[in-house]
Protein chains: 2
Amino acid sequence: MDTSTYINIHNLSRACNECQLQDLCLPLGLSRGDIERLDQIVNRRKPLQRGASLFRQGDRFQALYAVRSGSIKSYATTNSGEEQINAFHLPGEILGLDAIGSGIHPESSVAMETTSICELPFDRLHTLAHEVDGLQRQLLRIMSRELNSDEQFMRLLANRSAEERLASFLLNLASRFELRGYSGQAFNLSMSRSDIGNYLGLAVETVSRLFTRFQQEGLIEVDRKAITLVDRSRMSGLCNLSATASAGEPRHG
Amino acid sequence: MDTSTYINIHNLSRACNECQLQDLCLPLGLSRGDIERLDQIVNRRKPLQRGASLFRQGDRFQALYAVRSGSIKSYATTNSGEEQINAFHLPGEILGLDAIGSGIHPESSVAMETTSICELPFDRLHTLAHEVDGLQRQLLRIMSRELNSDEQFMRLLANRSAEERLASFLLNLASRFELRGYSGQAFNLSMSRSDIGNYLGLAVETVSRLFTRFQQEGLIEVDRKAITLVDRSRMSGLCNLSATASAGEPRHG
DNA sequence: CGAGGTCTTGATATAACTCAATTTGAGTGG
DNA sequence: CCACTCAAATTGAGTTATATCAAGACCTCG
């Protein structure tokens with residue numbers, strides 16, 4: 001990999017030490033010294049333009065990536081050519097964990113807007129994790145948390161109505177923005193309606209109609225990509241008050 | 001934990017070294033010596049009876065568990081009291097990974113039949129992973145693979161028909177049985193129809209009707225819990241030939 | 001042998017999809 | 001700066017897959 005692909009403008013080259021995302025990202029819980037060691041293996045790459053891909057499905061796994069600013073979507077293409085979005089990644093989030101097992105990326109990742117990325121070469125990271133206990137732990141923690149949110153998401157897809165899915169999605173985004181110090185009250189969607197539909201397992205038209213309805217009901221205000229959550233508590237209500245539970249009774253079976 | 005809960009009948013006390021599940025489980029890729037070290041921290045517990053729980057949602061996370069024989073289902077209960085099954089675990093599979101992050105089990109696990117389990121106290125495992133490189137790697141690999149299969153499952157829930165879901169489910173079980181040396185051609189379901197429905201996001205009635213239909217179409221033979229896959233290739237066909245893709249086009253957005 | 005749960009089957013309702021048409025907006029070039 | 005183009009989003013009408021409701025059959029276990 002040519003070093004000319006790395007640039008050094010100060011906003012981008014800022015070390016993990018000084019990065020405001022530290023508390024969300026891999027360095028979390030590491031000592032100052034250990035963060036410095038981690039920092040030494042991190043490559044800070046030239047920002048990706050909208051639509052540019054970070055890696056493609058089938059690529060050999062070499063590094064994990066952390067989003068520094070901007071946003072990324074990950075999707076897989078089935079053999080019949082359909083694409084399914086698996087995740088939207090915000091600053092501080094790690095990509096590529098699902099490739100560790102097989103050594104091959106099972107999905108593609110593209111920037112949804114101008115996005116800068118930190119690259120974490122995995123073999124070096126792995127070696128370092130061997131020496132730095134907190135790093136090993138943090139890697140496991142991050143993966144575990146991801147398993148968790150996948151499970152939650154599976155539950156959402158398995159038995160929630162379109163309304164509940166979209167409401168949950170918006171609230172989830174809101175809280176993630178807030179964690180990062182942005183407003184969860186008002187924000188811009190970096191993804192299209194069709195991306196949202198694809199991600200939530202809904203038709204575009206359904207998403208569009210729901211936005212309209214949520215607005216009519218005074219839950220949100222929508223202007224194109226700009227969303228304002230007007231009545232967040234009522235919206236939370238939508239996520240729990242699910243339809244008459246048809247679920248079986250997991251006791252034994 | 002009282003040592004009287006551990007028993008020593010040879011089938012159960014057989015060390016990792018001699019365990020036929022070695023190649024599916026945590027020891028995979030470890031040297032003989034390292035397996036012995038792992039073995040020393042493993043507790044082999046008294047088998048769980050059908051319906052008995054291994055841990056409950058909200059319990060403090062202390063150990064990972066490997067299924068030795070039998071099967072386990074994991075489910076979470078929402079605040080509105082509904083239960084959602086997240087996974088069925090077969091021999092050689094690890095449970096509890098989703099609790100590492102928070103230190104609390106986000107789901108409950110119960111035996112679907114008489115089941116024996118190996119307990120892997122996490123702090124000891126973590127310490128050992130520090131010394132045994134292959135173990136660290138294997139832990140990450142296992143979690144990564146799980147992320148992967150979760151993603152696949154999300155895709156299934158997000159845009160597949162009931163037919164495709166059930167077909168995929170049966171084929172998935174079949175290949176997992178085969179990995180373990182059992183027949184993938186003919187096997188017994190340890191879970192109820194309602195568990196299957198819950199897991200796949202379908203009503204029990206739909207599952208039942210599909211079993212009937214699959215049988216009528218000569219794809220499978222069903223007798224209560226006993227399933228025989230008659231035409232596996234045609235069944236695989238069902239999983240790809242999805243309905244007219246309504247998916248958006250993830251390019252940028 | 002009876003009771004209670006599980007499974008199946010049928011009839012009906014409905015949420016969400018599909019298809020189709022229109023509107024809106026963003027980007028481009030004259 | 002305006003007209004034009006193309007993609008994205010919205011809106012409407014009609015269809016359909018699957019849920020829901022209801023009833024009966026079948027096991028399993030005590």
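Numbers restart at 1 for each chain; the letters A, B, ... are given by sequence-line order, proteins then strands.
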Rounded distance (Å) that lies between atom C1' of C:dA16 and atom CD1 of A:Ile196: 17 Å
Ring centre gap for B:Phe153 and A:Phe153 strictly below 6.0 Å: no
Any donor-acceptor N/O pair under 3.5 Å between D:dT10 base and A:Arg224 side chain: no
Rounded distance (Å) that lies between atom C1' of D:dA19 and atom CG of B:Leu200: 15 Å
Candidates C:dT8, C:dT18, D:dT10 - which lies nearest the side chain of A:Ser208: D:dT10
Interatomic distance where CG belongs to A:Asn198 and P belongs to C:dT18 [whole Å]: 12 Å
Phosphate contact (D:dT11 OP1 or OP2) by A:Thr212 side-chain N/O below 4.0 Å: yes
Atom pair distance, as rounded to whole Å: CZ in B:Arg213 and P in D:dA17: 10 Å
Ring geometry between A:His105 and A:Tyr65 (parallel below 30°, tilted from 30 to 60°, perpendicular above 60°): tilted
Heavy-atom side-chain proximity of A:Met154 to B:Asp150 below 4.5 angstrom: yes
Length of the CZ-C1' vector between A:Arg193 and C:dG25, whole Å: 12 Å
Touch class at under 4.0 angstrom, heavy-atom based, for B:Gly201 against every strand present: sugar-phosphate
Atom pair distance, as rounded to whole Å: CZ in B:Phe211 and C1' in C:dT8: 12 Å
Near-ring test B:Tyr199/B:Phe88, centroid separation under 6.0 angstrom: yes
Nearest-nucleotide comparison on DNA chain C, the residue closer to the 5′ end among A:Arg209 and A:Asp223: A:Arg209
Interatomic distance, A:Glu205 CD vs D:dA13 P [rounded to whole Å]: 15 Å
Contact under 4.0 Å: B:Thr206 side-chain N or O vs D:dT18 OP1/OP2: no
Verdict with supporting geometry, B:His89 and B:Ser71, side chain to side chain donor-acceptor pair (under 3.5 Å): CA-CA 6 Å; B:His89 301 275; B:Ser71 52; over 6 Å; no
Short side-chain N/O contact to C:dC7 OP1/OP2 from B:Lys225, under 4.0 Å: yes
Length of the line joining B:Glu163:CD and D:dT18:P, which is rounded to integer Å: 8 Å
